[in-house]
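Report on the following structure.
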Amino acid sequence: MAGVFMLPWGILADIIDFAEFRYRERRETIAFALMLVLLKGGGAAALATVGWTLAALGYVPGTAQSPEVVLGMKGLAFGVPVLGAVVAIGVLLCLDIGHARHARVRWVNGERQRRSIRCLEKHQGLSEFHSSP
């Protein structure tokens, strides 16, 4: 189960690499802040939806539940997550991202950074501030 919670953070790092490739600028702070806001908002929306759905099903705390309520609770506990996983898998399958493409994007980003550093060193005399590997 822990892998499910770690997956978005791993994907976020890849998204930052691809955004740098496309826009030639790293924006980690914006990406991580947006991710946290979305997680907080999503959690609040999920809790509200569960509460409203339980109320609509006729759930009454502290009492024996009717078969309809139990079935609805099973749907919330199992059906909704499975549906979400199927949608997420479908979206990921539509994306044209693989290990080879990601490696190429990282290589291009690294080359751009090295080229920028060389240009700065050449034109501004900053070689004493940066040690090349």
Side-chain angles (χ1 to χ4, degrees):
M1 191 67 170
V4 172
F5 294 110
M6 293 306 298
L7 185 61
W9 298 106
I11 292 173
L12 182 61
D14 295 343
I15 290 169
I16 292 168
D17 289 338
F18 277 89
E20 178 185 7
F21 176 76
R22 184 172 188 173
Y23 300 109
R24 297 179 181 233
E25 181 180 10
R26 287 193 71 83
R27 299 175 180 165
E28 291 101 334
T29 306
I30 293 170
F32 278 93
L34 180 61
M35 179 74 160
L36 289 172
V37 168
L38 289 173
L39 284 173
K40 294 280 186 179
L47 286 173
T49 302
V50 167
W52 292 328
T53 303
L54 287 175
L57 289 171
Y59 175 80
V60 180
T63 63
Q65 305 303 321
S66 68
E68 295 82 17
V69 173
V70 171
L71 182 63
M73 291 172 70
K74 288 179 181 178
L76 282 174
F78 302 108
V80 173
V82 168
L83 178 63
V86 168
V87 169
I89 289 169
V91 169
L92 289 173
L93 288 174
C94 292
L95 297 176
D96 184 23
I97 299 172
H99 294 293
R101 185 168 186 194
H102 186 242
R104 190 172 72 229
V105 164
R106 289 191 48 130
W107 182 84
V108 169
N109 288 344
E111 284 298 309
R112 287 178 180 166
Q113 289 173 355
R114 286 185 283 281
R115 194 174 334 136
S116 294
I117 290 169
R118 284 193 302 269
C119 183
L120 283 173
E121 289 173 346
K122 179 180 176 185
H123 295 294
Q124 296 179 0
L126 296 176
S127 58
E128 67 272 9
F129 296 111
H130 178 75
S131 59
S132 299

Say you draw a straight line from [atom1] of [X] to [atom2] of [Y]; how long is it, rounded to the nearest 0.5 Å?
{"X": "Thr29", "Y": "Arg27", "atom1": "OG1", "atom2": "CZ", "answer": "11.5 Å"}
{"X": "Glu68", "Y": "Leu57", "atom1": "CD", "atom2": "CG", "answer": "9.5 Å"}
{"X": "Arg101", "Y": "Asp14", "atom1": "CZ", "atom2": "CG", "answer": "12.0 Å"}

Cluster overlap [X] with [Y], hydrophobic side-chain contacts below 4.5 Å:
{"X": "Val80", "Y": "Leu54", "value": "yes"}
{"X": "Leu71", "Y": "Tyr59", "value": "no"}
{"X": "Val105", "Y": "Ile16", "value": "no"}

Supply the members, apart from Leu34, of the Ile/Leu/Val/Met/Phe/Trp/Tyr cluster built from side-chain contacts under 4.5 Å; use none for a lone residue.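 Noted: Leu34 shares its cluster with Leu38.
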
Identify, with sequence neighbours excluded, every residue that meets salt bridge (Lys or Arg N to Asp or Glu O under 4.0 Å) alongside Glu111.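 So Glu111 forms a salt bridge (Lys or Arg N to Asp or Glu O under 4.0 Å) with Arg114.
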
Run the numbers on Arg26 and Asp17 for side-chain contact (heavy atoms from CB on, under 4.5 Å), then give the verdict. CA-CA 8 Å; Arg26 287 193 71 83; Asp17 289 338; 3.2 Å; yes

Mind jotting down which residue pairs meet the ring pair (Phe, Tyr, Trp, His ring centres under 6.0 Å) criterion with at least one end in residues 33-53? Sequence neighbours excluded, please.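 Output for this query is empty, none listed.
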
May I have all residue pairs that pass ring pair (Phe, Tyr, Trp, His ring centres under 6.0 Å) and include part of residues 69-107, sequence neighbours excluded?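 For residues 69-107: Phe18-His102.
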
Mind checking what makes side-chain contact (heavy atoms from CB on, under 4.5 Å) contact with Ser116, not counting sequence neighbours?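 Listed in chain order: nothing, the list is empty.
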
Glu25 side-chain N/O to Glu20 backbone N/O, donor-acceptor pair under 3.5 Å: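 No: the side chain of Glu25 does not pair with the backbone of Glu20.
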
Shortest non-hydrogen separation from Pro8 to Met35 and the atoms involved: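 Minimum heavy-atom contact is CB-CE, 3.2 Å.
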
Shortest non-hydrogen separation from Ala31 to Leu12 and the atoms involved: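 That closest heavy-atom pairing would be CB-CD1, 3.9 Å.
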
List in chain and number order the residues that pass ring-ring contact (aromatic ring centres under 6.0 Å, His included) with Phe32, two or more places apart in sequence or in another chain; answer none if no residue qualifies.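 For Phe32 the ring-ring contact (aromatic ring centres under 6.0 Å, His included) partners, ignoring immediate neighbours, are Trp9.
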
